[in-house]
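These numbers come from a predicted model, not from an experiment.
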Amino acid sequence: MKKEEASQRLRLIGKQCAEILRLLEQLPPDPISEAAIRSGATELKQELESEYIRTLPERAQRSMTIFELSVYSPTIEEAWKESGIRRLKVEGKIDWKWKEVIGAVAYKVSKYLA
C-alpha cells in the first residue's frame, strides 16, 4: 500500500468517526439517527478489525512500505486495541460511552495525520 492510499484510508476512518460523533450529539438519538450510528459503528469496527488482522502477521509486514510499518499499522493497532472499539457492543444501548470510544478512535487516527 502506498503512502497516499494509507493516508487516505486513515482520513476515511477519521471522517467515519466525525459523522458518528455528529449523530451522537443528540442523546438519546431518534430512530433514524440510531440506525445510522449503529451502522456506522459496525462498519468502523469491522474495518479496524480487518485491517488490524491484515497488518499483524510478520509475513504481511515484510511486504509493507516504511510508511505502513511506521505509521499506518501502529495507528490501526492503537485504534483497535486502545480505544475500546473492540469491546463496543453495537447492539447495546447508545450512551455517552459511545462518544468516548468513537472519540478515542478519531483521536488515535488524527494524531498521525496532523
Side-chain angles (χ1 to χ4, degrees):
M1 178 184 308
K2 294 182 180 182
K3 180 179 179 179
E4 296 80 27
E5 185 181 355
S7 295
Q8 181 64 23
R9 286 184 111 162
L10 292 176
R11 276 192 222 88
L12 264 171
I13 292 169
K15 286 180 183 178
Q16 285 176 300
C17 291
E19 178 61 23
I20 296 168
L21 287 170
R22 185 187 64 74
L23 291 168
L24 284 169
E25 287 176 359
Q26 175 196 342
L27 285 179
D30 60 66
I32 294 170
S33 294
E34 183 176 331
I37 291 167
R38 287 186 196 286
S39 172
T42 299
E43 185 180 315
L44 179 65
K45 186 175 179 178
Q46 289 172 344
E47 183 174 350
L48 286 172
E49 182 179 24
S50 68
E51 282 301 289
Y52 173 72
I53 290 169
R54 182 186 73 79
T55 59
L56 189 61
E58 188 177 318
R59 70 180 182 284
Q61 291 177 357
R62 284 189 219 131
S63 64
M64 289 183 185
T65 64
I66 297 296
F67 183 80
E68 281 182 287
L69 283 171
S70 62
V71 176
Y72 184 77
S73 182
T75 302
I76 295 296
E77 183 174 359
E78 280 184 34
W80 178 246
K81 286 182 153 181
E82 298 173 13
S83 68
I85 191 135
R86 66 183 178 165
R87 294 181 305 279
L88 183 68
K89 293 182 178 23
V90 292
E91 63 281 340
K93 180 182 175 191
I94 297 175
D95 58 14
W96 59 271
K97 293 176 192 171
W98 284 57
K99 285 183 181 180
E100 283 185 3
V101 169
I102 303 301
V105 172
Y107 172 73
K108 302 277 184 199
V109 170
S110 69
K111 72 180 186 178
Y112 287 103
L113 291 174

> Measuring from Gln26:CD to Leu23:CG, what's the distance to the nearest 0.5 Å?
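Separation between the atoms: 9.5 Å.
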> CH2 of Trp80 to CD1 of Ile53: how many Å apart, nearest 0.5 Å?
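If I round to the nearest 0.5 Å, the distance is 7.5 Å.
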> What closest approach, in Å, do Arg22 and Glu19 show between heavy atoms, and which atom pair accounts for it?
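Looks like NH2-OE2, 2.6 Å.
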> Side chains of Leu10 and Ile76: closer than 4.5 Å at any heavy-atom pair?
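Yes, at least one pair of side-chain atoms sits under 4.5 Å.
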> Quick check: closest heavy atoms across Pro74 and Ser70, and the distance to 0.1 Å?
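Looking at all heavy atoms of both residues, the shortest contact is CG-O, 3.5 Å.
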> Of all heavy-atom pairs between Ala79 and Val105, which one has the smallest distance, and what is that distance?
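Where Ala79 meets Val105 most closely, the heavy atoms are O-CG2, 4.2 Å.
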> Let me confirm one number: the CD-CD distance from Gln61 to Glu68, rounded to the nearest 0.5 Å.
10.0 Å
> Salt bridge or not between Lys45 and Glu49? Use side-chain N to carboxylate O under 4.0 Å.
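Glu49 and Lys45: not salt-bridged.
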> Test of understanding: with side-chain contact (heavy atoms from CB on, under 4.5 Å), list the residues that count as partners of Glu43, not counting sequence neighbours.
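side-chain contact (heavy atoms from CB on, under 4.5 Å) check on Glu43 returns Gln16.
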> With a 3.5 Å distance limit and no angle check, can you tell me whether Ser50 reaches the backbone of Glu47 through a side-chain donor-acceptor pair?
yes
> Can you measure from CD (Glu100) to CG (Asp95) and round to the nearest 0.5 angstrom?
9.0 Å
> Membership question, hydrophobic clusters at under 4.5 Å side-chain separation (ILVMFWY): are Met64 and Met1 in the same one?
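No, Met1 and Met64 fall in different hydrophobic clusters.
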> Any carboxylate oxygen within less than 4.0 angstrom of a Lys/Arg side-chain nitrogen, looking at Arg38 and Glu34?
yes
> What distance separates Ser39 OG from Ile20 CD1, expressed to the nearest 0.5 Å?
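Ser39 OG to Ile20 CD1: 8.5 Å, rounded to 0.5 Å.
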> Do you know the tightest heavy-atom contact between Leu27 and Trp96?
CD1-N, 3.9 Å
> Could you pull out the closest heavy-atom pair between Cys17 and Leu44, with the gap in Å?
SG-CD2, 3.8 Å
> Heavy atoms only: give me the nearest Phe67-Ala6 pair and the separation to one decimal.
CE2-CB, 3.5 Å
> Applying side-chain contact (heavy atoms from CB on, under 4.5 Å), can you list everything that pairs with Gln8, at least two apart in sequence or on another chain?
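Only Arg11, Leu12 meet the side-chain contact (heavy atoms from CB on, under 4.5 Å) criterion with Gln8.
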> Would you give the length of the straight line joining atom CZ of Arg9 to atom OG1 of Thr75, rounded to the nearest 0.5 angstrom?
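Here the interatomic distance stands at 13.0 Å.
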> Mind checking whether Leu48 and Tyr52 sit in one hydrophobic cluster, side chains of I, L, V, M, F, W, Y counted as touching below 4.5 Å?
yes
> With heavy-atom distances below 4.5 Å as the criterion, would you say the side chains of Glu78 and Tyr112 are in contact?
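SC-SC contact between Glu78 and Tyr112 confirmed.
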> Do Trp98 and Val90 touch side chain to side chain, with heavy atoms closer than 4.5 Å?
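Yes, side chains in contact.
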> So, Arg54 and Glu51, do they make that salt bridge, N to O below 4.0 Å?
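A salt bridge links Arg54 with Glu51.
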> Take Leu69 and Thr55 through the side chain to side chain contact (heavy atoms under 4.5 Å, CB included) test and state the conclusion after the steps.
CA-CA 9 Å; Leu69 283 171; Thr55 59; over 6 Å; no
